[in-house]
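Structure, as structure tokens:
We name chains A, B, ... by the order of the sequence lines, and we start the count at 1 in each one.
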Protein chains: 2
Amino acid sequence: MGVTKTEIFTEQQNRIADLAKAFSHPARVAILQLLISRKACVCGDLVDELELAQATVSQHLKELKRIGIIHGEINPPRVCYCINPVVWQEAQSTFGSLLDTFALTNSCCN
Amino acid sequence: MGVTKTEIFTEQQNRIADLAKAFSHPARVAILQLLISRKACVCGDLVDELELAQATVSQHLKELKRIGIIHGEINPPRVCYCINPVVWQEAQSTFGSLLDTFALTNSCCN
DNA sequence: TTCAATAATTGCAATATTACGATGAATATT
DNA sequence: AATATTCATCGTAATATTGCAATTATTGAA
């Protein structure tokens, strides 16, 4: 159907999936890296850095905003995008604990 | 177009995006959690745990295999799925360093 | 060989995502 | 006021993803 059955999963599982979406497209990874390195934080600069149309970059920024991992400050006529430290920390602890739940001592069931 | 322009991004960015896809759907998160907790590792058991059809679970398993984060051992007529420790560690270090590149002392550019 | 059990694959439908040109809204500058 | 700049949104096209029923291997057992 193309539609995820959100209701059959836990809140936590759905949130993990959402946070992962921030990193699940190379353009969004690149945008986040650019924001962190502070080589660019204005939409127009991101467009210059990436070989993508302005509309496409804007769409990825919208998705990142929806997830909450960035927020934009209007600085007319520009918009400065920044990492949201709160959600970034949430991602750190979420992926940190998820990835730690697998102990390397675990062996396969055979 | 619906098609990601893979070629304009770095190998690293594309790999991060691919690894993130393992976690970007709640069903795949649930599957990985079940494999880790060892409540289930056989496809049929996963189908019982999740409210999804066998074909759907199989497809998610296929995607996780493509990424490399799990592998299946044939134990006829069953298939036992396991976390691949090598790729799991890759995910740990990849997301670990990516998430660490943002220092909370970073302030926005305004 | 035939049957049962298990899982992969196929085919299909519906929705989501990616991408871009064009347009629109907001605001600074002239 | 008119213009230019910047970014969001709309519309559209193409591809990807999600999900399931049905079918197809595959293999062990009868």
Side-chain angles (χ1 to χ4, degrees), chain A residues 1-9 13-14 17-18 20-31 34-35 40-67 70-82 109-110, chain B residues 1-9 13-14 17-18 20-31 34-35 40-67 70-82 109-110:
Chain A
M1 300 173 182
V3 63
T4 296
K5 296 174 85 178
T6 307
E7 66 283 0
I8 69 172
F9 302 105
Q13 287 164 340
N14 284 311
D18 236 25
K21 271 186 195 159
F23 302 101
S24 69
H25 191 288
R28 290 194 288 271
V29 173
I31 288 170
L34 285 166
L35 292 185
C41 60
V42 173
C43 179
D45 295 342
L46 293 168
V47 173
D48 291 341
E49 295 282 339
L50 306 168
E51 301 175 43
L52 290 171
Q54 183 263 327
T56 306
V57 173
S58 199
Q59 229 168 354
H60 283 300
L61 289 169
K62 187 181 179 183
E63 175 68 358
L64 291 170
K65 270 191 290 184
R66 183 192 64 77
I67 295 163
I70 68 168
H71 59 97
E73 292 195 20
I74 295 167
N75 199 348
R78 283 164 242 273
V79 178
C80 167
Y81 285 99
C82 320
C109 53
N110 48 23
Chain B
M1 300 172 183
V3 62
T4 296
K5 296 175 84 177
T6 307
E7 68 282 0
I8 69 172
F9 302 105
Q13 286 164 342
N14 284 311
D18 236 25
K21 272 185 196 161
F23 303 100
S24 70
H25 191 286
R28 291 194 287 272
V29 173
I31 288 172
L34 285 167
L35 292 185
C41 59
V42 173
C43 178
D45 294 343
L46 293 167
V47 173
D48 291 341
E49 294 282 341
L50 307 167
E51 301 175 45
L52 290 171
Q54 183 263 327
T56 306
V57 174
S58 199
Q59 227 168 356
H60 283 301
L61 289 169
K62 187 180 178 184
E63 175 69 359
L64 291 170
K65 272 191 289 185
R66 183 191 65 76
I67 295 164
I70 69 168
H71 60 95
E73 290 195 19
I74 295 168
N75 199 348
R78 283 164 243 274
V79 177
C80 167
Y81 286 99
C82 322
C109 53
N110 47 21

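- Rounded to whole Å, atom P of dA16(D) lies 16 Å from atom CD1 of Ile67(B).
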Legend entry - Protein-to-nucleotide contact annotation, 5' to 3' order, nucleotides 17-30 of chain C [B base; S sugar-phosphate only; - none; under 4.0 Å, heavy atom]: BBBBB-----SS--
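- What separates NE2 of His71(B) from P of dA7(C) is a distance of 16 Å, to the nearest Å.
- Every side-chain contact (heavy atoms from CB on, under 4.5 Å) that Ala30(B) has, sequence neighbours left out, goes to Phe9(A), Gln13(A), Leu50(B).
- A 6.0 Å sphere centred on CD1 of Ile8(A) holds more than 12 heavy atoms belonging to other residues, nucleotides or ligands.
- Distance CD (Glu73(B)) to C1' (dA7(C)): 16 Å, rounded to an integer number of Å.
- Between the CZ atom of Arg78(B) and the P atom of dG28(D) there is a distance of 12 Å, given to the nearest Å.
- Under the side-chain contact (heavy atoms from CB on, under 4.5 Å) criterion, Asp48(B) pairs with Asp45(B), sequence neighbours left out.
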Would you list the atom pairs, donor with acceptor, under 3.5 Å between side chains in residues 51-64 of chain A and any protein atom, with sequence neighbours excluded?
{"residue": "His60(A)", "atom": "ND1", "partner": "Arg28(A)", "partner atom": "NH1", "Å": "3.1"}
{"residue": "Glu63(A)", "atom": "OE1", "partner": "Arg66(A)", "partner atom": "NE", "Å": "3.1"}
{"residue": "Glu63(A)", "atom": "OE2", "partner": "Arg66(A)", "partner atom": "NH2", "Å": "2.9"}

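- Per the geometry, CG belonging to Leu64(B) stands 14 Å off C1' belonging to dT17(D), to the nearest Å.
- Minimum heavy-atom separation, Pro26(A) to Asn14(B): CG-OD1, 3.3 Å.
- One can place CG of Leu61(B) at 13 Å from P of dG19(D), the figure rounded to the nearest angstrom.
- Once rounded to the nearest 0.5 Å, the distance linking SG of Cys41(A) with CG of Leu46(A) reads 7.5 Å.
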